[in-house]
Q: 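Here it is: the structure, laid out below.
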Amino acid sequence: MNVASHPEMMGQGDRLRRREIGMERLELAVVQLEEAKRMIEKGRVPHLRLAYLLIDSVTELILHRVVQAELQLQGMLKKLLSVYEEGAAHGMPADPEQVASIEAQIVSKADLRNIDRNFDAKVGLLVRRNVLDEALGPVLEKLHKYRNEMYHRDKLRSEIIRPATLIYFDCACTVLESHREVVVTYPSSLGSEICRFTEGRPPRFDEAMDLPKRIAAQLRREVGLDLPQVRSALSAYLDARLDQMVEGLEFVEDNLGFPGLVRGDALRLVQANLAANPTLEQVRGRKYQYSKVDLELWRSRAAALEAIDDKHALVSEYAAIEDSFELLEEKIRDAALQVDYEVQFQIDVARGK
């Protein structure tokens with residue numbers, strides 16, 4: 001029989017192949033999550049770092065697929081809008097609400113380019129379209145920022161690498177739940193990582209539709225997320241960094257060699273524009289972005305993390321605290337390093353080096 005002469009059979013074959021591809025594409029994500037789980041179970045920092053990078057990679061992969069599914073009707077919507085506009089030009093206007101609804105779904109070329117290239121833009125689109133929960137957005141953005149630090153700048157936050165990895169794994173499972181590809185057929189080439197979720201047999205249609213959610217739920221159970229432990233780790237990490245900021249300011253005040261410095265002056269000096277050689281009184285007389293009140297507020301907010309029971313709210317508040325003080329933290333660190341360099345230089349000079 002010539003299949004080409006029976007379009008309905010070709011259509012059926014194409015649908016089956018697409019569903020096979022759907023299963024194979026789902027397997028790519030599952031294998032990566034399984035490997036990340038294996039690295040988490042090893043528990044050492046090098047393995048947790050690798051797990052983190054794997055989790056970020058699979059999260060962005062799934063986000064890309066879900067975004068593509070969301071945007072697949074862009075061409076059709078643009079053509080439909082053109083038809084409505086042409087009709088209106090000939091005195092046959094369409095329903096304004098329907099036109100507005102179509103316009104709201106059309107994404108500009110510039111935005112499409114940004115979404116294609118940018119992790120945060122993908123998250124933003126899916127949050128706006130209610131595919132992802134709004135509370136998940138800032139969590140994914142912060143965790144992806146950590147990945148960029150880890151991968152591009154070799155910055156490894158070893159104090160919280162485990163809780164951050166566990167949170168990211170949990171978030172990746174949430175993103176996996178939004179995986180919408182229909183999976184019906186069961187290619188024989190699939191590996192054991194995904195076969196264990198289907199009991200070694202082709203899933204029924206109703207099972208296939210729900211398979212990403214079932215996989216995500218089981219992976220969550222297997223990895224686990226001890227929220228009280230995560231809370232304590234994040235709170236302690238922020239608290240330790242605030243301690244370092246205070247210690248850095250005191251180091252500057254004690255070693256700058258500037259007569260008349262008192263506690264609080266260093267906080268002003270690290271924010272002041274010293275290029276114009278202002279006097280100490282001038283530095284003290286100006287207003288700055290950060291004050292002692294901010295340090296106390298950040299300390300209180302860090303302690304209050306212990307009372308947050310929602311995992312996404314916890315990480316969002318953690319991220320907000322960290323983002324609010326990182327600029328000052330960097331200024332203090334740079335100032336302390338410069339003072340320390342000058343102190344060491346003077347010591348070397350005194351020793352005749």
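Just so it is clear, the values below take in all heavy atoms, side chains as well, and ignore hydrogens, waters and symmetry mates. Everything numeric here is computed off the predicted structure, so don't read it as measured data.
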Q: Taking Thr174's backbone N and O only, do any of them form a donor-acceptor pair with Ser178's side chain (distance below 3.5 Å, no angle check)?
A: no
Q: Go through the structure and list residues passing salt bridge (charged side-chain N to carboxylate O under 4.0 Å, His left out) with Asp254, not counting sequence neighbours.
A: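 So Asp254 forms a salt bridge (charged side-chain N to carboxylate O under 4.0 Å, His left out) with Arg263.
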Q: I want to check something: taking the side chain as every heavy atom from C-beta on, are Ile62 and Val66 in contact at a cut-off of under 4.5 Å?
A: yes
Q: Step through the shown structure and confirm whether more than 12 heavy atoms of other residues, nucleotides or ligands are within 6.0 Å of CD on Gln344.
A: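 Count over threshold, so yes.
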Q: Whether Lys37 and Glu34 form a salt bridge (side-chain N of Lys/Arg under 4.0 Å from carboxylate O of Asp/Glu) is what I want to check.
A: yes
Q: For residues Gly137 and Val123, report the shortest heavy-atom separation together with the two atoms involved.
A: CA-CG1, 3.6 Å
Q: Are any non-hydrogen side-chain atoms of Leu112 and Asp116 less than 4.5 angstrom apart?
A: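 They are not in contact (no side-chain heavy atoms under 4.5 Å apart), so the answer is no.
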Q: Can you check whether Lys145's main-chain N or O pairs, donor with acceptor, with Glu149's side chain at less than 3.5 Å?
A: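 No: the side chain of Glu149 does not pair with the backbone of Lys145.
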Q: Can you find a pair of side-chain heavy atoms, one from Thr279 and one from Val283, that are under 4.5 Å apart?
A: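 With C-beta onward as the side chain, the pair stays apart.
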Q: Donor-acceptor pair, distance only, cut-off 3.5 Å: does the side chain of Gln271 make one with the backbone of Tyr290?
A: yes
Q: With a cut-off of 6.0 Å (strictly less than), are more than 12 heavy atoms of other residues, nucleotides or ligands near NZ of Lys287?
A: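 Open.
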Q: Are Arg301 and Leu305 close enough that some pair of their side-chain heavy atoms sits under 4.5 Å apart?
A: no
Q: Sequence neighbours left out, cut at 3.5 Å: what donor-acceptor pairs do the side chains of residues 231-248 make with other protein atoms?
A:
{"from": "Arg231", "atom 1": "NE", "to": "Glu306", "atom 2": "O", "distance (Å)": "3.1"}
{"from": "Arg231", "atom 1": "NH1", "to": "Ile308", "atom 2": "O", "distance (Å)": "3.0"}
{"from": "Arg231", "atom 1": "NH1", "to": "Asp309", "atom 2": "OD1", "distance (Å)": "3.4"}
{"from": "Ser232", "atom 1": "OG", "to": "Pro228", "atom 2": "O", "distance (Å)": "3.1"}
{"from": "Ser232", "atom 1": "OG", "to": "Glu306", "atom 2": "OE1", "distance (Å)": "3.4"}
{"from": "Ser232", "atom 1": "OG", "to": "Glu306", "atom 2": "OE2", "distance (Å)": "3.2"}
{"from": "Ser235", "atom 1": "OG", "to": "Ala302", "atom 2": "O", "distance (Å)": "2.8"}
{"from": "Tyr237", "atom 1": "OH", "to": "Arg157", "atom 2": "NH1", "distance (Å)": "3.0"}
{"from": "Asp239", "atom 1": "OD1", "to": "Arg299", "atom 2": "NH1", "distance (Å)": "2.9"}
{"from": "Arg241", "atom 1": "NE", "to": "Glu329", "atom 2": "OE2", "distance (Å)": "3.0"}
{"from": "Arg241", "atom 1": "NH1", "to": "Glu322", "atom 2": "OE2", "distance (Å)": "2.5"}
{"from": "Arg241", "atom 1": "NH2", "to": "Glu326", "atom 2": "OE2", "distance (Å)": "3.3"}
{"from": "Arg241", "atom 1": "NH2", "to": "Glu329", "atom 2": "OE1", "distance (Å)": "2.7"}
{"from": "Asp243", "atom 1": "OD1", "to": "Arg299", "atom 2": "NH1", "distance (Å)": "2.8"}
{"from": "Asp243", "atom 1": "OD1", "to": "Arg299", "atom 2": "NH2", "distance (Å)": "3.1"}

Q: Which heavy atom of Leu267 sits nearest to which heavy atom of Ser291, and what is that distance?
A: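 The pair with the smallest heavy-atom distance is CD2-C, 3.5 Å.
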Q: Quiz question: by atom type and distance under 3.5 Å, do the side chains of Ser108 and Asp111 form a donor-acceptor pair?
A: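 There is such a pair (donor and acceptor under 3.5 Å, judged by atom type) between the side chains of Ser108 and Asp111.
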Q: Quick test of your reading of the model: are Arg38 and Glu41 salt-bridged, counting only N-O distances below 4.0 Å?
A: no
Q: Under 3.5 Å, is there a donor-acceptor pair between the side chain of Asn255 and the main chain of Phe251?
A: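 Between the backbone of Phe251 and the side chain of Asn255 there is a qualifying donor-acceptor contact (under 3.5 Å).
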Q: Holding to ring pair (Phe, Tyr, Trp, His ring centres under 6.0 Å), I want the full list of residues that pass it with Phe325, two or more places apart in sequence or in another chain.
A: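 If we apply the ring pair (Phe, Tyr, Trp, His ring centres under 6.0 Å) test to Phe325, skipping adjacent residues, the hits are Trp298.
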Q: Quick one: does any side-chain atom of Thr165 pair with a main-chain N or O of Ile161 as donor and acceptor, under 3.5 Å?
A: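 Yes.
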Q: Which pair of heavy atoms, one from Leu261 and one from Arg284, lies closest together, and at what distance?
A: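 Taking every non-hydrogen atom into account, CA-NH2, 4.3 Å.
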Q: Output side-chain donor-acceptor pairs under 3.5 Å for residues 335-342, partner residues at least two apart or in another chain, one line each.
A:
{"from": "Glu342", "atom 1": "OE2", "to": "Gln346", "atom 2": "NE2", "distance (Å)": "2.7"}

Q: Output yes when a side-chain donor or acceptor of Gln32 lies under 3.5 Å from a complementary backbone atom of Leu54, and no otherwise.
A: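 Side chain of Gln32 to backbone of Leu54, a donor-acceptor pair under 3.5 Å: yes, one is there.
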Q: In chain order, what residues pass the ring pair (Phe, Tyr, Trp, His ring centres under 6.0 Å) check against Tyr318, with sequence neighbours excluded?
A: none
Q: Given side-chain contact (heavy atoms from CB on, under 4.5 Å), test Gln289 with Leu327 step by step and report yes or no.
A: CA-CA 10 Å; Gln289 182 177 356; Leu327 178 60; 4.2 Å; yes
Q: Could you walk me through whether His47 and Ile40 satisfy the side-chain contact (heavy atoms from CB on, under 4.5 Å) test, starting with their C-alpha distance in whole Å, then the side-chain angles of each, then the deciding distance to 0.1 Å, before giving a yes or no?
A: CA-CA 7 Å; His47 298 103; Ile40 290 171; over 6 Å; no
Q: Between Lys122 (side chain only) and Leu63 (backbone N and O only), is there a donor and an acceptor less than 3.5 Å apart?
A: no
Q: Shortest non-hydrogen contact from Cys173 to Ala216?
A: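 It is O-CB, 3.3 Å.
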Q: Within a radius of less than 6.0 Å around CZ of Arg44, do more than 12 heavy atoms belonging to other residues, nucleotides or ligands occur?
A: no
Q: So do the side chains of Ile160 and Val230 get within less than 4.5 Å of each other, counting heavy atoms only?
A: no
Q: Applying the side-chain hydrogen bond (donor to acceptor under 3.5 Å, both in side chains) criterion to Gln218, which one of Glu222, Arg214, Arg220 satisfies it?
A: Glu222
Q: Could you please spell out the steps behind the side-chain contact (heavy atoms from CB on, under 4.5 Å) verdict for Leu143 and Asp56?
A: CA-CA 8 Å; Leu143 294 172; Asp56 180 84; over 6 Å; no
Q: Would you find more than 12 non-hydrogen atoms of other residues, nucleotides or ligands less than 6.0 Å from Phe345 atom CZ?
A: no
Q: Any ring-ring contact (aromatic ring centres under 6.0 Å, His included) pairs touching residues 119-161, not counting sequence neighbours?
A: Phe119-His144
Q: Is there a donor-acceptor pair closer than 3.5 Å between any side-chain N or O of Asp265 and the backbone N or O of Val262?
A: yes
